[in-house]
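Heads up: the structure comes next, in structure tokens.
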Amino acid sequence: MLYITLPDKQVRRLSFYLAMEEYVARHVKEDECFFMWQVEPSVIFGRNQLIENEVNLDFCRKHHIQTYRRKSGGGCVYADMNNVMFSYITSEEQVGFTFNRYINMVVLVLHKLGVDASASGRNDVMIGNKKVSGNAFYKIPGRSIVHGTMLYDTDMLNMAGSITPPTTKLISKGVKSIHQHVDFLKNYINLSLPEFMDFVHRQLCDEDYMLGEKDIQEIEQIEKGYLSDEFIYGKNPRSTLVKKRRIEGVGEFEAHIEQKNGIIKNINLMGDFFLIGDLDKGLLDKLKDVPLEVGALNRILPDRIDDIIMNLMKADFIDLLTE
């Protein structure tokens, strides 16, 4: 696997590394690419999440924590210089195979360090019953991108304060509650964070490829899209109906439906579900001007929704919209 490097050790904004993933996916033709990165205190939320539901914006402003949206699904994550982020780009387009390969690759590296890690749930790497890594996935034509955290250590006060989790996920807010669900890799290995990153690099990759100044300039052009208000806030809808539900094995859902006389005029879907297809064209656009009732929804929706949102069954989606 090819390891992608930059010509300097400058710590950039989180949005730069998201843009770098896209650039590598489109322009570096190696079948598998990988790189690691770190950021100053930042919160990154999923493509279909409502920012006010997931991020304590007042806390972030007060504590100088930056906020960004990514193009993959999944939940909200806090990151800082005490942990490390992984990016994996592959030409394999089959979602299940790609995700399993990546997760198992990370688990195997931890096993080589003597850590009894395991894959769990939709996207997590666990030590015992606590999470040390959460990951998300999205596709562009011909390429798949997986990115995630490795929780070597972190500022727990910032993590607890910046992220506003749904009450269905955590019993209560705060550091104590989060400690019940996550653990630090530093508690299980004798390596410093730089030493751990070097170990991962050597274990996974057999060749390095350094990007040049022209590459960086093009990445910065892509980055502008991640920094636009339209991308960060554009999915925040005005609505007349809000339907909330957690679907086991799929994720949290919040449907914002604008309707008139029982007819859907506009719909947006928020949550930490895993998006693996085109949400707008494949699903939401089909619902416009359709009666908000079971029979009409059943006729208009495709039978297979789980190739758009991972593990989502058509009947469960209709129940969400009509309950």
Side-chain angles (χ1 to χ4, degrees), residues 1 14 17 21 34-46 54 65 70 72-88 98-137 145-163 165-166 169-171 173-205 249 251-252 272 274 310:
M1 184 155 55
L14 189 149
Y17 300 105
E21 292 174 338
F34 178 78
F35 64 94
M36 291 176 282
W37 41 284
Q38 293 172 278
V39 290
E40 297 296 340
S42 302
V43 168
I44 177 173
F45 51 100
E54 308 297 332
I65 299 170
R70 63 180 186 266
S72 58
C76 190
V77 174
Y78 169 81
D80 58 31
M81 292 297 292
N82 292 318
N83 63 14
V84 59
M85 313 294 280
F86 291 168
S87 293
Y88 172 64
T98 298
F99 219 82
N100 288 337
R101 173 170 170 73
Y102 169 79
I103 295 289
N104 289 327
M105 186 171 67
V106 173
V107 167
L108 181 59
V109 168
L110 295 181
H111 285 176
K112 290 180 179 179
L113 289 169
V115 180
D116 187 18
S118 62
S120 178
R122 298 172 300 157
N123 63 326
D124 298 337
V125 176
M126 313 288 288
I127 299 176
N129 63 352
K130 294 188 176 183
K131 180 165 71 172
V132 293
S133 175
N135 305 276
F137 169 97
I145 296 170
V146 183
H147 44 207
T149 63
M150 179 54 67
L151 196 60
Y152 180 87
D153 194 3
T154 198
D155 184 324
M156 290 298 291
L157 290 176
N158 273 356
M159 176 183 281
S162 62
I163 296 175
K169 279 194 170 181
L170 296 180
I171 298 170
K173 297 179 182 178
V175 174
K176 181 179 178 181
S177 181
I178 292 179
H179 261 307
Q180 295 172 356
H181 295 266
V182 302
D183 208 344
F184 299 141
L185 187 60
K186 71 174 186 177
N187 295 331
Y188 299 90
I189 62 176
N190 294 319
L191 300 178
S192 67
L193 180 53
E195 289 170 339
F196 169 72
M197 293 171 65
D198 181 64
F199 182 84
V200 173
H201 183 171
R202 288 185 284 107
Q203 289 297 313
L204 296 184
C205 302
E252 302 274 354
D272 65 357
F274 270 31
M310 185 180 288

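All residue numbers in this chain count up from 1 along the given sequence.
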Problem - Results of side chain to side chain contact (heavy atoms under 4.5 Å, CB included) for Asp153 - residues two or more places apart only - result: Asn82, Phe184, Lys186
Practice task
Using a 4.5 Å cut-off on heavy atoms from C-beta on, say whether the side chain of Val106 contacts that of Met150.
Solution key: yes
Exercise for the section: With sequence neighbours excluded, tell me which residues meet side chain to side chain contact (heavy atoms under 4.5 Å, CB included) with Asp116. Expected result: none
Completion exercise
By side chain to side chain contact (heavy atoms under 4.5 Å, CB included), Met1 pairs with (sequence neighbours left out) Glu32, Phe34, Tyr88, Met105, Leu204, Cys205
Practice task
Could you list the residues that satisfy side-chain hydrogen bond (donor to acceptor under 3.5 Å, both in side chains) with Tyr17, not counting sequence neighbours?
Solution key: none
Exercise for the section: Please check if the side chain of Asn123 supplies one atom and the backbone of Ala136 the other of a donor-acceptor pair under 3.5 Å. Expected result: no
Practice task
Return yes if some donor-acceptor pair links the side-chain N/O of Ser42 with the main-chain N/O of Ala79 below 3.5 Å, else return no.
Solution key: no
Problem - Beyond-backbone contact of Ser72 with Ile145, side-chain heavy atoms, under 4.5 angstrom - result: no
Handout entry: Listed partners of Asp198 passing salt bridge (charged side-chain N to carboxylate O under 4.0 Å, His left out), at least two apart
Key = Arg202
Problem - Sub-4.5 Å side-chain heavy-atom contact between Phe137 and Tyr102 - result: no
Problem - Pair Phe99 and Phe274, ring centroids less than 6.0 Å apart - result: yes
Completion exercise
Sequence neighbours excluded, the answer for side chain to side chain contact (heavy atoms under 4.5 Å, CB included) partners of Ile189 is Leu113, Val115, Tyr152, Leu185, Leu191, Phe196
Problem - Side chains of Asn158 and Ile65 in contact at under 4.5 Å (non-hydrogen atoms) - result: yes
Practice task
State, with a plain yes or no, whether a side-chain heavy atom of His147 is found less than 4.5 Å away from one of Ile44.
Solution key: no
